[in-house]
Amino acid sequence: MPPGSDTWGHKIIFHMLYYPENIEPKWRKAWVDSKLYKVSNESDKPKYYVLDMFPYPSGAGLHVGHPLGYIASDIYARYKRLKGYNVLHPMGYDAFGLPAEQYAIQTGVHPAISTRENINRYREQLDNIGFCYDWDREVRTCDPAYYKWTQWIFLQLFGHYYDMEADKAKPVSDLTFIFSKEGSRGVHAANSQDNSFTAEEWKTMTARQQDEVLMNYRLAYRKTGFVNWCEALGTVLANDEVKDGVSERGGHPVEKKAMMQWSLRVTAYAERLLNDLESLEWTDALKAMQRNWIGRSEGAQVFFDILGHDLKLEIFTTRPDTIFGATFMVLAPEHDYVQTITTAGQKEAVNKYLDYVSGRSEVDRMAEVKEVTGVFTGAYAFNPFTGKNIPIWLGEYVLKDYGTGAIMAVPSDDERDQLFARKFGLEIIDVVDKSNYPGSTLHDKTGIMVNSGFLTGMEVTKAIREMFMHLEKMGIGSKKVNYKLRDANYSRQRYWGEPFPIAYDRDGVAHPVSEKQLPLTLPELENFQPASGGKSPLARAEDWVNQLDGMALETDTMPGFAGSSWYFLRYMDAQNDQAFASDKAIGYWQDVDLYVGGTEHAVGHLIYSRFWHKFLYDLGMVPGTEPFKKLINQGMITAFGYYAEHLKFGDGEDILIGNSKDLTQISGVHVGSPIRLPYVYDYLDGQNRLTKEKFAEYWQSEGHNYNVAGDTSKYHWSKDEQGEEYFTVNIVQEKMSKSKFNVQNPDEIVRRYGADCFRMYEMFLGPIEQSKPWDTKGIDGVNRFLRKYWSLFFSDKGWDVSQESPTAEEYKILHTAIRKVTEDIERFSFNTCVSAFMVCVNELKRLECNKQAILEPLNVLLAPFAPFITEELWEKLGHGQSVHLAAYPEFDEKMMQQDTIEYPVCVNGKKRDTVHVDATLTQDQIRELAMTLDAVRKYVTGKNLQKVIVVPGRMINLVVSE
RNA sequence: GCCGAAGUGGUGGAAUUGGUAGACACGCUGGACUCAAAAUCCAGUGCUAGCAAUAGUGUGCGGGUUCGAGUCCCGCCUUCGGUACCA
């Protein structure tokens, strides 16, 4: 409807009605022109840093799930500004990543170009929503001016080792100095392999030998790691590109392949990462996830002799007390000793088993509980306590990177060991008597030792202590702390990531590229296919690789978490080309006060960032040991997915609609997956059935035929009593992603309802931390609210705001809202804030309140949620300065006083009546009053009144028995 | 498997410390205005029985603690996130 008249031709004053399209573009521009959201690094105000987890700019564009957290943090940032803080609230892009490279391989479009396009689109979409970001501080991890510093920090990691005594990182030059004075004896440092050498030996080593020794100590170091290798595709695959042991694309076999990889020694920081969790305002759930991820356990490192070899088998156990029950050993299939110790007779069986395991993912290996697998190596170890030779097996449930990759199996006291022993007929000796501890599980460290030599008769806890002493005395073991946390694999055989500032000489010794040469930029490439042997495409850019005289650059690139581990520091001083950020800027902003992002980053990103931050702290480059003081997780917005499952075909065999060849071709969907029917919702009947008739309509409709075939004659339809042919559609909630055709873009909503409505609707959907399905059904409610709010300021005459003094009731409504909204913002309950605004506006409307003394503070209260409408009304109220620079309204308790309180009257906990009670009455007076009520008499007559419970201000409960 | 979270009307959700279950919305039903529609406004709306007053029942399932349990305890079920190369 055009503004100015309605369809009857009646004149209306157009600004009396709320049209976001008349308001929002105007303020969007005005705020840019006036640099309203520009943040200074100098201010008398207290600082507050509100950070969003920056997005990966995918080709599907920003979807409605992204802004959920951004809107919440935007509201909080605006709220803090109104409260008088200098608020840093920046945004940027995590712009390196696999999808852009995949896209480049498919289309030939350079990742830099597609990424730039995606970023531009993201920016447009973000701008639409009215965020208060200071865009002058934007960062892009793929920008050389940014990744120069990612490379620089890597060089620091490369150039440092972890001194366990000082409990901090120190320069590798300190290490070489000590080695040349005292040899390895003088060093207590985190390392990959224990070495022992004298100062003399150190000095006589070749450069290459010294380099190998130092590599064991560096915080960024090289070691052999395993990758998912797909021979058919000639490339290394990410874990989520592998499904059931085959590549998701094409279904080719995938195996584990050993490659020399860079790693980061995050384990050196394990203890600090664990201990410092306490100081953080994170949810207990998140802290628990981090604790479990770090997985600290105290136990014993024990060495067993291997018969017929000059080798010691190192194992880690938390239950050294059960060593008398250790009847066999299990090694990870990838264990270094496997080839050495396997006997000729077992070679074939072992190789067959290794083949099987190489196609198994770690999740598969851990998740398999019903069926244990393993193979005997033919070798034996010696158990010095029982004096028996015990067989050494391989088993996939033992992982190479956890502990030492080998365990002593105690089948009596470990469930998996027990399953293993049962399956392969291995000996089981009971060593712990738990009969005194009914209800305790195998896992509990309780019971009395039996069949255990000198430990027999001891309590488990005492036996553990006793055994530690014994092992040390015998010189075959010691107390040790083990972490589940593993060093981070830091190499990717990809193009679209940060190049390593590392060059190898002819001996293969790694040298840092000089800082002056940073950034070491990516070469231009035409072809983004991996190079031969699964190497990064960079290996094909020979000129680039050999640009340093006599040296060859590393061709792998850094992983996604490199750039995202420190980006929050760059925002503090984003333009700096002398340092990653100036001391002054870091000194002012310190750390992130509030960090908002998804739980999916609970362990990965949040462990690595904390690790980098602690490292930079050790180097004196950041003032605190933790980057993120307070953190809240936003839930995911899911989409509804519609699936036709298990359709019957002709002979009764379970199949899908269409044929499998089409499916693979059209969407890459696996055969055997349920078939997706995008946007089918409108065609379903009440029981979620799609009838044959409706299917035809669905098929005709635009854009719906992603993976269904139009020829329905091949389908097997179910038939109901009326002869109606149909199949049932299952509705599930799932992640939004381009490949699922379920991405919902915010643009359309913003265009139709305005940004204010979109912002408030996203908040209104539910608690921020909960995942929930996207559905626009309820958006009209928020839209009506905004129109109603707008209408408070207008009457038939047009703009109509009164200067009258408000009544007590009006003040109470306002202050109820101020209290509720403020409390709820503080506890990040934004959905209930929106409800509180609705209640407030409903009540003011009922009173036809148009008084400035009420509407003005309310407008400021609403400004963080709906920045556009409030700015417009603020201007109309006669203010020359932005509402976003106003002062937050103060709550006044005096406005809340009430004469009577409404009490529910319950009998045995069930509500039977309500009563209004004078607010000044005491508890006893209320109790007496309750007895006189008709409703009470009815329930009490003829029964025993046991007692009357009065909870002041809350409720009255009568306890009655027969 | 392991770690973490969630489960409340037809739908999204509220109930902050153990104290009126279903706030606020959507949807639906009826009504007002209109030639009609849209928009707006008013009323009703957990379920079962009943004309009604009312009664019973009700927060994933099974137990328990309590005057009182969505909330606490024990045991399950289902869904979602992570599980180390998606970001």
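Values below: every heavy atom of this structure, side chains too, minus hydrogens, waters and symmetry copies. Order of the sequence lines sets the chain letters (A, B, ...), proteins ahead of strands, with each chain counted from 1.
- Look at C67(B): its Watson-Crick or wobble partner, with both distances under 3.5 angstrom, is G19(B).
- With both pairing distances under 3.5 Å, G44(B) is matched to C28(B) as a Watson-Crick or G-U wobble pair.
- No hydrogens or angles were tested; on distance alone, nothing pairs the side chain of E241(A) with the base of C85(B) as donor and acceptor under 3.5 Å.
- Within 4.0 Å of V905(A), counting heavy atoms only, lies no atom of the nucleic acid at all.
- Between Y567(A) and Y595(A), the ring planes lie tilted relative to each other; the angle falls in the 30° to 60° range.
- For A6(B) and G13(B), the P atoms lie 13 Å apart once the distance is rounded to whole Å.
- Distance L264(A) CG to C85(B) P: 11 Å, rounded to the nearest Å.
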(message) Please encode protein proximity along nucleotides 15-23 of chain B as a string of B, S and -, counting only heavy-atom distances under 4.0 Å.
(response) SB--BBS-B

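- Here the separation of U65(B) from U79(B), taken at their P atoms, is 32 Å to the nearest Å.
- Residue P767(A) is classed as a sugar-phosphate contact, given heavy-atom separations below 4.0 Å to backbone atoms only.
- Ranking C24(B), A84(B), C85(B) by closeness to the M838(A) side chain, first place goes to C24(B).
- The CD1-P distance, from I119(A) to A87(B), rounds to 15 Å in whole Å.
- Spacing of P atoms, C24(B) relative to G46(B), comes out at 13 Å, to the nearest Å.
- Rounded to a whole Å, the CG atom of L68(A) is 13 Å from the C1' atom of G12(B).
- In this structure, H605(A) reaches neither bases nor backbone, as no heavy-atom distance under 4.0 Å exists between it and the strands shown.
- Atom pair R486(A):CZ and C2(B):C1' shows a separation of 13 Å (rounding to whole Å applied).
- Contact check on E334(A) versus R365(A) returns a salt bridge, with a Lys/Arg side-chain nitrogen under 4.0 Å from an Asp/Glu carboxylate oxygen.
- In this structure, H601(A) and H605(A) have perpendicular ring planes: the angle between them is above 60°, well past the 30° mark.
- Closest to the M289(A) side chain, of the nucleotides G81(B), C80(B), C85(B), is G81(B).
- Note: W774(A) and Y761(A) meet the aromatic proximity criterion, with ring centroids under 6.0 Å apart.
- Between N842(A) and A25(B) there is a side-chain N or O to OP1 or OP2 distance below 4.0 Å.
- Using a 4.5 Å heavy-atom threshold, the side chains of L485(A) and L274(A) count as separate.
- Taking atom P on both nucleotides, G22(B) is separated from U29(B) by 25 Å, rounded to a whole Å.
- Contacts of V948(A) with the nucleic acid, taken as non-hydrogen atoms under 4.0 Å apart, are absent.
- Using Watson-Crick or G-U wobble geometry with both donor-acceptor distances under 3.5 Å, C61(B) finds its partner in G75(B).
- For K535(A), the NZ atom counts as loosely surrounded, since its 6.0 Å shell holds 12 or fewer non-hydrogen atoms of other residues, nucleotides or ligands.
- Remark: P of A84(B) and CG of L606(A) are 17 Å apart, rounded to the nearest angstrom.
- Nucleic acid contact for K287(A): none, since no nucleic acid atom lies under 4.0 Å from a heavy atom of the residue.
- Ring orientation note: the planes of F611(A) and Y269(A) are tilted relative to one another, at an angle of 30° to 60°.
- No contact: Q102(A) has no heavy atom under 4.0 Å from any strand.
- In a base pair of the Watson-Crick type (N1 to N3 plus N6-O4 or O6-N4) or a G-U wobble (N1-O2 and O6-N3), with each distance short of 3.5 Å, C85(B) is matched with no nucleotide.
- The glycosidic torsion of G10(B) lies more than 90° away from 0, which places this base in the anti conformation.
- For the pair Y761(A) OH and A25(B) P, the interatomic distance rounds to 14 Å; values are reported in whole Å.
- Nucleotides of RNA chain B nearest to D284(A) and Y608(A) differ in position, and the one nearer the 5' end is that of D284(A).
- Annotation for E826(A): atom CD counts as buried by contact number, over 12 foreign heavy atoms lying within 6.0 Å.
- Applying the salt bridge (charged side-chain N to carboxylate O under 4.0 Å, His left out) rule to K772(A) yields no partners; only residues at least two apart in sequence or on another chain are considered.
- A sub-4.0 Å separation between OP1 or OP2 of U40(B) and a side-chain N or O of R787(A) is present.
- Whole-Å rounding puts the M636(A) CE to A6(B) C1' distance at 13 Å.
- Taking only side-chain nitrogens and oxygens, R784(A) comes nearer than 4.0 Å to OP1 or OP2 of U40(B).
- Here, A15(B) and A49(B) have their P atoms 32 Å apart, quoted to the whole Å.
- Within the 4.0 angstrom heavy-atom criterion, no nucleotide atom of any strand lies near G560(A).
- For A37(B), there is no paired nucleotide, since no Watson-Crick or G-U wobble pair has both relevant distances below 3.5 Å.
- Note on L286(A): nothing from the nucleic acid sits closer than 4.0 angstrom, heavy atoms only.
- Between W790(A) atom CH2 and A39(B) atom P the separation is 21 Å, expressed in whole Å.
- E769(A) comes within contact range of no nucleotide atom at all, as no heavy-atom separation falls under 4.0 Å.
- Annotation: A52(B) and A36(B) have their C1' atoms spaced 38 Å apart (nearest Å).
- Taking atom P in both G56(B) and G4(B), one finds a spacing of 42 Å when rounded to whole Å.
- When ring centroids are compared, F420(A) and Y397(A) come within the 6.0 Å threshold.
- With G4(B), G13(B), G82(B) as the candidates, the nucleotide lying closest to the side chain of N292(A) is G4(B).
- Both A285(A) and V959(A) sit near RNA chain B, but only A285(A) has its closest nucleotide nearer the 5' end.
- Closest heavy-atom contact between Y70(A) and F54(A): OH-C, 4.4 Å.
- Across every strand in view, C51(B) sits unpaired, with no contact that passes the Watson-Crick or G-U test at under 3.5 angstrom.
- The P atoms of U17(B) and C72(B) are separated by 10 Å, rounded to the nearest whole Å.
- As judged by a 4.0 angstrom heavy-atom cut-off over every strand, S491(A) is placed among the base-contacting residues.
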